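If you're wondering where the values come from, they're calculated on a predicted model, not measured in any experiment.
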Amino acid sequence: MIIEHTSVNPTKPLHIGHGRNAVLGDTVARLLRERGYTVEVHNYIDDLGRQMAETLVALSEARGRMRGKFDHHLGRLYAEFHQRLETSPELEERVREVLRGLERGERVAEEARRVAERCVRANLQTTDRLGVSYDLLVWESDLVRSGLLQEVLERFKATPYLVRGEGEKLGTWILRLPGEEEKVLIRSDGTAVYTARDIAYQLWKFGCTRASLRFRFHSRRRDGTRTYTTSQRGRVMKRFGGADVVINVVGAEQKFPQRVVSLALKALGLERQFENSHHLAYEHVRLPEERFSGRRGTWMGFTVDEVVEEAVSRVERLMGERSAGTPLRRVSEGVGVGAVRFSLLSTSPEKEIVFKWEEALDLDRNSGPAVQYSYARACSILRKAGGRIKGTLPPVFKLGEEKELLKQLAQYPEAVRLAAERKQPSLLARYAAELSLRFNKFYEVAPVLEAETEELRVSRLRLVRGTKVVLGNAMRLLGIPLLERM
RNA sequence: GGGCCCGUGGCCAAGCCAGGACAAGGCGGCAGCCUUCUAAGCUGCAAAUCGUGGGUUCAAAUCCCACCGGGCCCGCCA
């Protein structure tokens with residue numbers, strides 16, 4: 001299986017909405033791997049688009065030194081540039097000139113790649129912090145130069161579905177599928193629209209193209225996994241691409257183009273690939289009064305970097321009020337990340353999230369930290385119990401809380417199966433929160449170490465151990481850091 | 001004009017696809033619980049015409065129709 005997610009233009013930092021995409025895709029990848037599938041995660045980098053062209057012009061005009069992370073720097077430049085663009089027609093002409101250069105693969109395309117590369121490295125620092133990993137970075141420039149796009153377009157010209165535009169659309173090539181709205185794929189100036197490239201990429205993902213890409217090692221993620229990248233100077237590697245199932249994590253507003261991508265496969269007679277193309281759609285994260293806009297810079301203050309940092313410092317403040325003694329930074333980092341990941345996952349993707357700090361950084365019940373807290377409590381009990389837990393006899397329980405906890409533990413496999421099958425991490429997030437709630441109610445009324453009888457003590461210890469294992473597994477799948485103490 | 005998604009206590013939200021017993025859970029509010037395994041916890045109370053109106057059914061938050069409110073799509077933008 002191939003899962004494509006994140007795919008942010010390499011001209012800006014990730015805002016919290018991009019964070020939703022990345023965390024959603026990352027968690028679905030973890031879930032499907034758990035279910036036994038071989039999953040390859042892609043992050044698509046559009047280094048030839050209009051945003052890139054605008055950023056290059058903005059960069060060439062920039063005065064003064066860079067502040068902070070490179071992606072933030074670019075994002076600010078871009079927003080400033082857009083204000084000037086509205087009143088300066090000559091800037092618009094320069095942007096078009098650069099865009100043409102990018103299309104033709106002129107020298108400016110190399111500069112674009114260098115700038116984008118720096119931005120992607122900065123973006124990866126952000127996703128690393130969230131525990132998100134990628135197997136492959138796919139660059140649009142490599143896709144185009146491999147001849148993939150050409151090949152795919154030639155293939156469509158041999159079908160009755162790619163037709164020459166007429167009248168207002170003279171000079172274009174239009175994809176016209178029976179019973180569907182038509183879509184221009186080639187502009188009258190001969191350049192391909194974004195959807196055309198998406199179609200070519202989709203075909204490559206399924207291993208349905210002759211043109212091949214080259215790869216090389218890019219960087220190592222924090223969890224030790226390796227990320228590769230497409231590269232003109234790389235090697236041909238058989239391991240990438242050629243999937244049976246493709247899942248694209250893309251915003252719900254792109255339902256139409258995503259539909260065109262999968263229908264295009266059908267038009268080429270690739271029925272099975274059509275059936276196995278999935279658009280995992282999600283609604284955006286927005287502010288109470290407005291949407292996030294790169295052009296207007298409304299994302300400022302709501303980047304993933306800033307949200308995570310705020311989460312971590314809130315946790316530190318909370319820990320400062322309590323008796324310390326634990327390695328502060330490592331714990332607060334883990335709890336902050338857990339809070340952000342959980343809050344992005346716990347709402348169903350088809351629902352819009354209106355960003356509010358109190359909700360995004362929830363540390364109370366029904367949150368990432370709440371789950372982490374229960375896990376730490378379970379670890380603490382087991383630590384104090386010490387040694388091996390003996391006993392293979394059927395457990396002796398007498399309290400309702402024990403039975404409720406046991407029942408919840410038993411439902412874990414079904415929760416994972418359902419979350420993976422429906423590609424809905426929120427189901428597992430709910431499960432984990434519920435399990436942590438049941439565990440809390442259990443340890444409140446059921447002394448473990450000081451249980452009345454040895455039999456009961458062993459039974460409860462096994463229940464605590466079961467909770468630790470199951471909660472830990474759920475947390476790993478959700479990407480919520482496991483902390484033995486907090 | 002055509003199409004898609006959302007609408008559940010003051011706020012967030014599960015359940016809807018596979019219709020059934022008093023509609024989860026959380027935040028906020030109120031009242032309690034720390035010489036005992038971490039109070040990021042636990043207990044209790046108040047708070048819901050499940051957007052509105054029809055229909056199907058023994059039974060509807062859940063299925064069907066219409067309407068209202070919010071968001072999105074229908075570009076030689078991405």
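For A/Leu382 and B/C37, the CG to P distance is 15 Å, given to the nearest whole Å. Note: CZ (A/Phe342) to C1' (B/C12) measures 12 Å, nearest angstrom. Protein atom CD of A/Gln424 is 10 Å distant from nucleotide atom C1' of B/C17, rounded to whole Å. For the pair A/Glu350 CD and B/G15 C1', the computed distance is 12 Å after rounding to whole Å. Computed from coordinates, the A/Tyr194 OH to B/G75 P distance equals 19 Å when rounded to whole Å. The interatomic distance linking A/Glu253 (CD) with B/C4 (C1') rounds to 12 Å, in whole Å. One interatomic measurement links the two molecules: CD of A/Glu182 to C1' of B/C74, which rounds to 12 Å at whole-angstrom precision. In this entry the distance linking CZ of A/Arg465 with C1' of B/C37 reads 17 Å, nearest Å.
A donor-acceptor contact under 3.5 Å is formed by the side chain of A/Arg422 with the base of B/C17. Counting distance only, with no hydrogens placed and no angle test, the side-chain atoms of A/Ser188 and the base atoms of B/C76 include a donor-acceptor pair under 3.5 Å.
The pair A/Lys407-A/Glu414 fails the salt-bridge criterion, with no side-chain N (NZ, NE, NH1 or NH2) lying under 4.0 Å from an Asp/Glu carboxylate O. We find that A/Arg438 and A/Glu404 are joined by a salt bridge, their nearest charged nitrogen and carboxylate oxygen being less than 4.0 Å apart.
Both distances falling under 3.5 Å, in either a Watson-Crick or a G-U wobble arrangement, occur for no nucleotide opposite B/U35. If you check B/C63 for Watson-Crick or wobble pairing at under 3.5 angstrom, you find it paired to B/G55. Across all strands shown, B/G7 forms a Watson-Crick or G-U wobble pair, both distances under 3.5 Å, with B/C68. The partner of B/G44, taking Watson-Crick or G-U wobble pairs whose two distances both stay under 3.5 Å, is B/C30. Pairing partner, B/G1: B/C74, with both Watson-Crick or wobble hydrogen-bond distances short of 3.5 Å.
Taking every side-chain heavy atom of A/Glu444 into account, B/G41 is the closest of B/A13, B/G71, B/G41. For A/Lys441, taking side-chain heavy atoms from C-beta onward, the closest of the listed nucleotides B/G71, B/U38, B/U43 is B/U43. The listed nucleotides are B/U8, B/G71, B/C37; the one nearest the side chain of A/Lys351 is B/U8. Distances from the side chain of A/Leu437 to the nucleotides B/C42, B/U38, B/A78 place B/C42 closest. For A/Pro257, the side-chain atoms get nearest to B/A78 when compared with the rest of B/A40, B/C42, B/A78. Counting only heavy atoms from C-beta on, A/Tyr443 has its side chain closest to B/C37 among B/C76, B/U38, B/C37. Counting only heavy atoms from C-beta on, A/Val193 has its side chain closest to B/A78 among B/A78, B/G25, B/G41. Proximity note for A/Leu318 (side chain, C-beta onward) versus B/A40, B/A39, B/G41: the nearest is B/A40. Distance from the side chain of A/Tyr373 is smallest for B/A40 among the nucleotides B/A13, B/A40, B/C16. Among the nucleotides B/G15, B/U38, B/C76, the one closest to the side chain of A/Val184 is B/C76.
Between the side chains of A/Gln51 and A/Thr11, at least one donor N or O lies within less than 3.5 Å of an accepting N or O.
Using a 4.0 Å heavy-atom criterion, one finds that A/Val445 contacts no nucleic acid atom at all. Here A/Val464 lies out of heavy-atom contact (under 4.0 Å) with every strand. A/Ser348 comes within 4.0 angstrom of the backbone, heavy atoms only, and of no base. A/Ala281 comes within 4.0 angstrom of no nucleic acid atom, judged by non-hydrogen atoms across all strands. As judged by a 4.0 angstrom heavy-atom cut-off over every strand, A/Arg383 is placed among residues making no nucleic acid contact. Nucleic acid contact for A/Ala446: base, since at least one base atom lies under 4.0 Å from a heavy atom of the residue. A/Glu359 comes within 4.0 angstrom of sugar-phosphate atoms only, judged by non-hydrogen atoms across all strands, and of no base. The residue A/Arg50 sits apart from the nucleic acid: no heavy atom pair falls under 4.0 Å. Using a 4.0 Å heavy-atom criterion, one finds that A/Gln372 contacts no nucleic acid atom at all.
In this structure a side-chain-to-backbone donor-acceptor pair under 3.5 Å is present from A/Arg341 to A/Leu478.
Regarding contacts with the backbone of B/G41, every side-chain N or O of A/Asn440 stays at 4.0 angstrom or more from both OP1 and OP2. Contact annotation: A/Lys169 reaches the phosphate of B/C76 (side-chain N/O to OP1 or OP2, under 4.0 Å). In terms of phosphate contacts, A/Arg377 brings no side-chain nitrogen or oxygen within less than 4.0 Å of OP1 or OP2 of B/A40. Between A/Ser374 and B/G41 there is no side-chain polar atom (N or O) within less than 4.0 angstrom of OP1 or OP2. An OP1 or OP2 oxygen of B/G3 is reached within less than 4.0 angstrom by no side-chain nitrogen or oxygen of A/Arg259. A close approach under 4.0 Å does occur between a side-chain nitrogen or oxygen of A/Arg365 and OP1 or OP2 of B/C27. Taking side-chain N and O atoms only, A/Lys183 has no distance below 4.0 Å to OP1 or OP2 of B/C74. Not one side-chain nitrogen or oxygen of A/Arg438 sits closer than 4.0 Å to the OP1 or OP2 atom of B/G25.
At most 12 heavy atoms of other shown residues, nucleotides or ligands fall within 6.0 angstrom of atom CZ in A/Arg164. Counting non-hydrogen atoms of neighbouring residues, nucleotides and ligands closer than 6.0 angstrom, the CD atom of A/Gln83 reaches no more than 12 such neighbours. More than 12 heavy-atom neighbours from other residues, nucleotides or ligands sit within 6.0 angstrom of CD on A/Glu290.
The two atoms that bring A/Asn366 and A/Ala433 nearest to each other are OD1-CB, 3.3 Å, heavy atoms only.
If you find the closest nucleotide of RNA chain B to A/Leu363 and to A/Ser426, the one lying nearer the 5' end belongs to A/Ser426. Heavy-atom distances to RNA chain B give each of A/Glu434 and A/Lys356 a nearest nucleotide, and the one nearer the 5′ end belongs to A/Lys356.
Nucleotides B/C16 and B/G55 place their P atoms 26 Å apart, quoted to the nearest Å. B/A24 sits 22 Å from B/G29 when the P atoms are compared, rounded to a whole Å. Taking the P atoms as reference points, B/G53 lies 25 Å from B/G15, given to the whole Å. B/U36 and B/C22 are spaced 37 Å apart, taking the C1' atom of each and rounding to whole Å. The same atom, C1', is picked in B/U56 and in B/G19; the two are 11 Å apart, to the nearest Å. B/C17 and B/G3 have their P atoms separated by 24 Å, with the value rounded to a whole Å. Between B/A61 and B/A21, the distance separating the two P atoms is 9 Å to the nearest Å. Atom name C1', nucleotides B/A66 and B/A47: the rounded distance is 32 Å, in whole Å.
Aromatic ring pairs are classed by plane angle as parallel below 30°, tilted from 30° to 60° and perpendicular above 60°; the pair A/His42 and A/Tyr201 is parallel. Taking the six-membered ring for Trp and thresholds of 30 and 60 degrees, A/Tyr194 and A/Tyr44 have ring planes more than 60 degrees apart, a perpendicular arrangement.
Base orientation of B/C12: anti, the glycosidic angle falling outside 90° of 0.
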